[in-house]
There are 2 protein chains.
Amino acid sequence: MSNLTQPPILVQIVDDHPMVQGGLKACLSFYDDIVIVGSTDDGSDALNKAIELKPDVILMDISMPTMNGIDATEIITEQLPETKVLILSMHSNPEFVKSAIQAGAVGYLLKDTTSEEIYYAIKAVANGKTHFSSSIAKLLLDNPVNTNESEKLTTREQVVLSYLAKGKTSKEIAKILNISFRTVEAHRRNMKTKLGIHSLAKLISYAVKHGIIKN
Amino acid sequence: MSNLTQPPILVQIVDDHPMVQGGLKACLSFYDDIVIVGSTDDGSDALNKAIELKPDVILMDISMPTMNGIDATEIITEQLPETKVLILSMHSNPEFVKSAIQAGAVGYLLKDTTSEEIYYAIKAVANGKTHFSSSIAKLLLDNPVNTNESEKLTTREQVVLSYLAKGKTSKEIAKILNISFRTVEAHRRNMKTKLGIHSLAKLISYAVKHGIIKN
DNA sequence: TTGTACCTAGGTATAACTACCTAGTCAAGT
DNA sequence: ACTTGACTAGGTAGTTATACCTAGGTACAA
């Protein structure tokens, strides 16, 4: 299992179960393109370690003593945008998954995952992709998560956007919402400005990709 | 494992390996909301059996003696639109997966899948959803498959559509493709007509949802 | 050879969107 | 009390899209 044409991926482990830490280290030591550069057992320690070690990927548990993995993920992804956080949790609770993604996690694995899949997931997120366990992916299909991006839009803007994606014109939307069509146009303009988009088409692309549109 | 509030799901197995047939029957007999109503060892027999038995779900192998599973899937999904075909294959070859989906399969499982996942997948497709093994889903993320829907569009139309989704105007696209902007408008008009769509916004929604747009 | 589908291109008129600008009200938080 | 953000609304001008219409060339199959 070698891939020496690429520099190794630096991985930091954050998990309060010593057995999980040990198991992960043992499993991943098998792959020589991955190096475990540090492990901590709490979210608050994780940030300091991460700033020091600048890992490529952090394998993050959610339930931990003082600072949970979601909060830690939010801080780390903000402070170290280069570092990818991959959640490794026992729980497939939709709320946990949603929170993790909104906090900036780019993957979510369940702890019954095989070491091969963990290896694959680390490689994937290190390369800027995302990776979710199949049951999580299924869950996400049913309940698309509003990412941070889509939260930039206000409620009213999202309403207008959803009608736009259905092919309604400003005039039609104005009638539906009982407001002036100039207001609808103002919402459109504001959305485009805040998202850095200059056309309806790209706005719709954006909306569909980020799950703002329900149907 | 019972769910007697719902009628059982009728499942037909199409696989030329007796061991696989036996194994599937044994695994699935554990769940009393699934009934194996028949099994055949070739695609050509499968169609006749399917017309006779009207199963809810067909577990279909790909490699089979006279008629392969892809062709059988295409015929069955056309003749029996109510019947969902779930591919169960050893191969994760992207071409196989692509062909299967284009033939109308609504799921693709690898044969190393657990019986729990097969059970889940059967339930999912019977309820009108789709289900793919995680490695297949990963593959689909990287290589989105043009479904039958998107194949309604010609190559040129898809090119125009992809530029539209990037926010380009007809005039800009015309310049890029070295054609008249009236031609670009003609393509837009034709796409909308053949898809029954009356606005750019809805066209973009359609494109993104059906994976015509790459990025 | 006679369709049929596809790509191409134009005329004309209307409808819609976009880019600039200003500006009031209201609620929430500092 | 002050600011900030959200929602509202309008003026003006220019650009773009849409809805009708027609029509030639080419390739491929019935």
Side-chain angles (χ1 to χ4, degrees), chain A residues 74 78 102 146-210 212-213, chain B residues 74 78 102 146-210 212-213:
Chain A
E74 189 156 12
E78 192 180 331
Q102 289 180 332
N146 284 0
T147 61
N148 300 342
E149 281 296 307
S150 72
E151 285 184 352
K152 288 177 184 171
L153 300 183
T154 67
T155 309
R156 201 59 160 171
E157 285 167 347
Q158 290 188 39
V159 170
V160 170
L161 185 45
S162 70
Y163 281 112
L164 284 173
K166 287 176 186 164
K168 300 270 186 278
T169 65
S170 290
K171 213 181 278 182
E172 291 170 332
I173 297 170
K175 204 166 188 177
I176 293 168
L177 300 179
N178 270 317
I179 54 180
S180 160
F181 88 98
R182 303 313 300 267
T183 304
V184 176
E185 293 197 321
H187 286 311
R188 295 173 67 148
R189 193 177 344 108
N190 290 336
M191 280 189 272
K192 289 193 289 183
T193 302
K194 73 169 76 171
L195 297 174
I197 285 172
H198 297 284
S199 74
L200 172 60
K202 216 167 183 179
L203 189 61
I204 304 296
S205 290
Y206 170 91
V208 178
K209 280 179 205 162
H210 290 81
I212 297 168
I213 314 308
Chain B
E74 189 156 11
E78 191 180 331
Q102 288 179 335
N146 286 359
T147 61
N148 300 343
E149 279 295 307
S150 70
E151 283 183 355
K152 289 177 183 169
L153 300 183
T154 68
T155 308
R156 201 60 159 170
E157 286 167 346
Q158 291 187 38
V159 170
V160 170
L161 185 45
S162 70
Y163 282 112
L164 284 174
K166 288 176 187 164
K168 300 270 187 279
T169 65
S170 291
K171 214 179 278 182
E172 291 170 333
I173 297 170
K175 204 165 188 178
I176 293 168
L177 299 179
N178 271 316
I179 55 180
S180 159
F181 88 98
R182 303 311 300 264
T183 305
V184 177
E185 292 197 322
H187 286 310
R188 295 172 66 149
R189 192 177 346 108
N190 291 335
M191 282 190 270
K192 288 193 289 183
T193 302
K194 76 168 74 171
L195 296 174
I197 286 172
H198 296 284
S199 72
L200 171 61
K202 218 167 181 178
L203 188 61
I204 304 296
S205 293
Y206 170 90
V208 178
K209 279 178 204 161
H210 289 81
I212 296 168
I213 313 308

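We find the CD1-NZ distance between A:I173 and A:K166 to be 10.0 Å, quoted to the nearest 0.5 Å. Residue B:L161 holds its CG atom at 5.0 Å from CE of B:M191, rounded to the nearest 0.5 Å. A distance of 13.5 Å separates NE2 of B:H198 from OG1 of A:T169, quoted to the nearest 0.5 Å. Here CG of A:L200 is found 7.5 Å from CD1 of B:I204. Values are rounded to the nearest 0.5 Å. With rounding to the nearest 0.5 Å, the separation of CG in A:L153 from NZ in A:K194 is 5.5 Å.
As rounded to whole Å, 17 Å separates atom C1' of D:dA17 from atom NZ of B:K202. For the pair A:K194 NZ and D:dT4 C1', the interatomic distance rounds to 13 Å; values are reported in whole Å. Taking atom CG of B:L200 as the reference point, atom P of D:dA19 lies 11 Å away to the nearest angstrom. When rounded to the nearest whole Å, the span between CZ of A:R188 and P of C:dA16 equals 11 Å. Taking atom CD1 on B:I173 and atom C1' on D:dT16, their separation rounds to 12 Å, with Å as the unit. Across the protein-nucleic acid pair, B:L153 atom CG and C:dC7 atom P stand 10 Å apart, rounded to whole Å.
An OP1 or OP2 oxygen of C:dA19 is reached within less than 4.0 angstrom by a side-chain nitrogen or oxygen of A:H198. A sub-4.0 Å separation between OP1 or OP2 of D:dA17 and a side-chain N or O of B:K192 is absent. Here B:K171 reaches the OP1 or OP2 of D:dT16: one of its side-chain N or O atoms lies under 4.0 Å away.
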Any N/O pairs under 3.5 Å between the protein and nucleotides 7-13 of chain D? List them or say none.
| residue | atom | partner | partner atom | Å |
| --- | --- | --- | --- | --- |
| D:dC7 | OP1 | A:R156 | N | 3.3 |
| D:dC7 | OP2 | A:T154 | OG1 | 2.4 |
| D:dT8 | OP1 | A:R156 | NE | 3.1 |
| D:dT8 | OP1 | A:R156 | NH2 | 2.7 |
| D:dT8 | OP2 | A:R156 | NE | 3.2 |
| D:dT8 | OP2 | A:H187 | NE2 | 2.6 |
| D:dA9 | OP2 | A:S180 | N | 2.5 |
| D:dA9 | OP2 | A:T183 | OG1 | 2.8 |
| D:dA9 | O5' | A:T183 | OG1 | 3.3 |
| D:dG10 | OP2 | A:S180 | OG | 2.7 |
| D:dG11 | N7 | A:R182 | NH1 | 3.3 |
| D:dG11 | N7 | A:R182 | NH2 | 3.0 |
| D:dG11 | O6 | A:R182 | NH2 | 3.2 |
| D:dT12 | O4 | A:R182 | NH2 | 3.0 |

List, with names and distances, any nitrogen or oxygen atoms from the protein found under 3.5 Å away from nitrogen or oxygen atoms belonging to nucleotides 26-30 of chain D.
none

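Salt bridge status for A:E185 with A:R182: present, with a side-chain N to carboxylate O gap under 4.0 Å.
The backbone N or O of B:T155 sits nowhere less than 3.5 Å from a side-chain atom of B:Q158 that would complete a donor-acceptor pair.
Using a 4.5 Å heavy-atom threshold, the side chains of B:Y163 and B:V184 count as separate. Using a 4.5 Å heavy-atom threshold, the side chains of B:I179 and B:R156 count as touching.
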